[in-house]
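Structure, as structure tokens:
The residues of the chain are indexed from 1 along the displayed sequence. Both ligands and their constituent atoms are indexed starting at 1 by order of listing.
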Amino acid sequence: MNAFTFERLSRPTEAASAVAARPGAMFLAGGTTLVDLMKVDVLTPDTVVDVRHLGLSSIDVSDRAITVGAAVTNSQLAWHPAVRDRFPVLSQAILSGATTQIRNMATVAGNILQRTRCSYFRDVHASCNRRQPGSGCDALDGFNRGHAVLGVSDHCIATHPSDMCVAMAVLDAEVHTVRADGTTRSIPFGEFHKAPGDTPHVEVALAHGELITHVVIPHLAAARRSHYLKVRDRASYEFALASAAVVLDLDGDTIRDARLGLGGVATKPWRAVEAEQILMGHKATDDAFRDAAEIALAGAVARDHNHFKIELAKRTIVRAFATARDANL
Ligand SMILES: Cc1cc2nc3c(=O)[nH]c(=O)nc-3n(C[C@H](O)[C@H](O)[C@H](O)COP(=O)(O)OP(=O)(O)OC[C@H]3O[C@@H](n4cnc5c(N)ncnc54)[C@H](O)[C@@H]3O)c2cc1C
């Protein structure tokens, strides 16, 4: 691991200025992604700026929204009574990730900005356009069983690994930031992460030194009937092969509104909008959910080892919607 300078500041704009001033500086939150990647030389910051003492650790609940500070831990958010009550899908998504110990360290902003688990990205001896633009992609014809089938390009098929982000995508969360000059902005969740296209190294909508301050999750009455289903190789401490975050708004047995997000199968937290639309006005049957699943995966492109993910994702969608439908509220 390279030597680096550690800085701790007390105001968000000070932290943003400290990182913006140095091309080699990065923010450090819980360190569960960053320090891991520093140990294997994938990330080599010369300075890390601690963001856990900037007054960004509160969860504020109002009738209109839940506002979550960037440094709130994944555990605090998942177990918050208002989150468990209003947004079961978010609580379930977070609790399906990693381990208790990691969730106690990991923060909301860090989770949003976690990097792919693609083994070629994490191996500095492999070719990876995301890590080193223009170097190629060893995953395309390599061992790609865990890789994405949605949002892929000829330059990158790395899966976005977050569970929490899939739930935030269906809840239409907004990411709020501050820059070194004190200007702030709000980025809709769907615009925050970028599909790889020709520029896989451009992963998110942030500028260097732009600090996430908080995330706003708008109130959505229908989200009480929501569910996160994660399918993986083992029951704990494992990333998704396929996951579905669903919200179902029912009028009797008719679907008034539906939301669907996918994880484990896409290059960014995935929102299947066309699949959502086809459900509206239909009876909430398994057949209708299967029709939506077919649409959600219609654009899937598989490689040698990940064909199975397409059918797996469809079945995950059907089961997630059926579970939400059958919930006794
Ligand atoms: C063994 C293991 C298993 C895991 N399993 C899962 C899983 O199943 N599901 C899942 O979703 N996740 C999983 N994770 C990922 C974990 O959730 C993330 O590592 C964690 O959420 C990152 O948060 P952090 O606070 O530790 O971020 P850090 O590692 O501190 O930072 C991550 C990135 O975010 C940036 N950053 C942090 N805060 C800010 C801010 N306020 N503004 C701007 N940039 C910021 C940092 O510069 C860095 O680039 C796993 C991790 C490990 C190590």
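The salt bridge (charged side-chain N to carboxylate O under 4.0 Å, His left out) with Glu203 is formed by just one residue from the set Arg130, Lys194, Lys268; it is Arg130. Here the rule is salt bridge (charged side-chain N to carboxylate O under 4.0 Å, His left out) with Asp163, and of Arg103, Lys230, Arg232 only Lys230 fits it. Evaluated for a side-chain contact (heavy atoms from CB on, under 4.5 Å) with Leu312, the options Leu297, Val231, Val149 yield exactly one hit, Val231.
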Before giving the answer on side chain to side chain donor-acceptor pair (under 3.5 Å), spell out for Thr33 and Gln114 the whole-Å C-alpha distance, their side-chain angles and the decisive distance to 0.1 Å. CA-CA 6 Å; Thr33 285; Gln114 67 175 288; 5.0 Å; no

From CA spacing to verdict: salt bridge (charged side-chain N to carboxylate O under 4.0 Å, His left out), Arg224, Asp85: CA-CA 7 Å; Arg224 290 198 66 224; Asp85 179 51; 3.6 Å; yes

Evaluation steps, ring pair (Phe, Tyr, Trp, His ring centres under 6.0 Å), between His147 and Phe143: CA-CA 9 Å; His147 286 71; Phe143 185 60; 8.3 Å; no

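Near Ala70, with a cut-off below 4.0 Å to any heavy atom, the atoms of ligand 1 are 41 (N). Applying the 4.0 Å criterion to heavy atoms of Ala106 picks out, from ligand 1, the atoms 20 (C), 21 (O), 23 (O), 24 (P), 25 (O), 26 (O). Shown in contact with Gly30 at under 4.0 Å from a heavy atom are these atoms of ligand 1, numbered in order with element: 24 (P), 25 (O), 26 (O), 30 (O). Residue-ligand proximity, Asp36 to ligand 1, at heavy-atom distances under 4.0 Å covers atoms 53 (C). Listed by number with element, the atoms of ligand 1 under 4.0 Å from a non-hydrogen atom of Met26 are 47 (O), 49 (O). The contact set between ligand 1 and Leu211, taken as ligand atoms under 4.0 Å from a residue heavy atom, comprises 40 (C), 41 (N), 42 (N). Heavy-atom proximity to Gly97, at under 4.0 Å, picks out these atoms of ligand 1: 7 (C), 8 (O), 9 (N). Within ligand 1, the atoms closer than 4.0 Å to a non-hydrogen atom of Asn111 are 17 (O), 21 (O), 22 (C), 23 (O), numbered from 1 in the order shown.
The part of Lys230 lying near ligand 1 is the side chain, judged by heavy-atom distances below 4.0 Å. The residue Val35 has no part lying near ligand 1, judged by heavy-atom distances below 4.0 Å. Under 4.0 angstrom from ligand 1, the non-hydrogen atoms of Ala98 come from both its backbone and its side chain. No part of Cys165 comes within 4.0 Å of ligand 1, judged by heavy-atom distances. Under 4.0 Å from ligand 1, the heavy atoms of Ile102 that appear belong solely to its side chain. When heavy-atom distances to ligand 1 are checked against a 4.0 Å cut-off, Arg115 has no atom that comes that close, whether in backbone or side chain. If you look at Ile112 next to ligand 1, there are no close heavy atoms at all, none under 4.0 Å.
Using cut-offs of 30° and 60° on the angle between ring planes, the pair Phe321 and Phe289 is parallel. Relative ring orientation between His176 and His214 is described as parallel, the plane-to-plane angle staying below 30° on a 0-90° scale split at 30° and 60°.
Ranking the protein heavy atoms by distance from atom 6 (C) of ligand 1 puts Phe239 CE2, 3.1 Å first. For atom 51 (C) of ligand 1, the closest heavy atom belonging to the protein is Arg117 NH1, 4.0 Å. Distance from atom 28 (P) of ligand 1 to its nearest protein heavy atom, with residue and atom name: Gly31 N, 3.4 Å. Protein heavy atom in closest approach to atom 37 (C) of ligand 1: Ala29 CB, 3.7 Å. Of the protein's heavy atoms, Tyr237 CE1, 3.3 Å lies nearest to atom 1 (C) of ligand 1. Given atom 35 (C) of ligand 1, the protein heavy atom at minimum distance is Leu113 CD1, 3.8 Å. At the shortest separation from atom 48 (C) of ligand 1 among protein heavy atoms lies Phe27 O, 4.1 Å. Of the protein's heavy atoms, Ala109 CB, 3.6 Å lies nearest to atom 40 (C) of ligand 1.
Taking any N or O of Thr33, backbone or side chain, at least one lies under 3.5 Å from an N or O belonging to ligand 1. Residue contacts with ligand 1: Thr107 is placed with a nitrogen or oxygen under 3.5 Å of a nitrogen or oxygen of the ligand (distance criterion only). Looking at ligand 1, you'll find an N or O of Ile212 within less than 3.5 Å of one of its N or O atoms.
Looking at every heavy atom in both residues, Thr177 comes nearest to Thr213 through N-OG1, 3.9 Å. Among all heavy-atom pairs drawn from His227 and Ala324, the shortest one is CB-CB, 4.3 Å. Between Thr13 and Arg179, the shortest heavy-atom contact is CG2-O, 4.0 Å.
Here the side chains of His160 and Pro269 are in contact, with some heavy-atom distance below 4.5 Å.
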Identify all side-chain donor-acceptor contacts of residues 233-242 below 3.5 Å with residues at least two apart in sequence or on another chain.
| from | atom 1 | to | atom 2 | distance (Å) |
| --- | --- | --- | --- | --- |
| Asp233 | OD1 | Arg145 | NH2 | 3.0 |
| Asp233 | OD2 | Arg145 | NH1 | 2.9 |
| Arg234 | NE | Ser236 | O | 3.3 |
| Arg234 | NE | Tyr237 | O | 3.2 |
| Arg234 | NH2 | Tyr237 | O | 2.7 |

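By the 4.5 Å side-chain criterion applied to Ile, Leu, Val, Met, Phe, Trp and Tyr, Trp79 is assigned to a cluster that also includes Leu95.
Residue contacts with ligand 1: Glu238 is included, with a non-hydrogen atom under 4.0 Å away.
Looking at Glu7, its side chain never comes within 3.5 Å of a backbone N or O of Val49 through a donor-acceptor pair.
Taking a 6.0 Å sphere around CZ of Arg290, one finds it holds more than 12 heavy atoms contributed by other residues, nucleotides or ligands.
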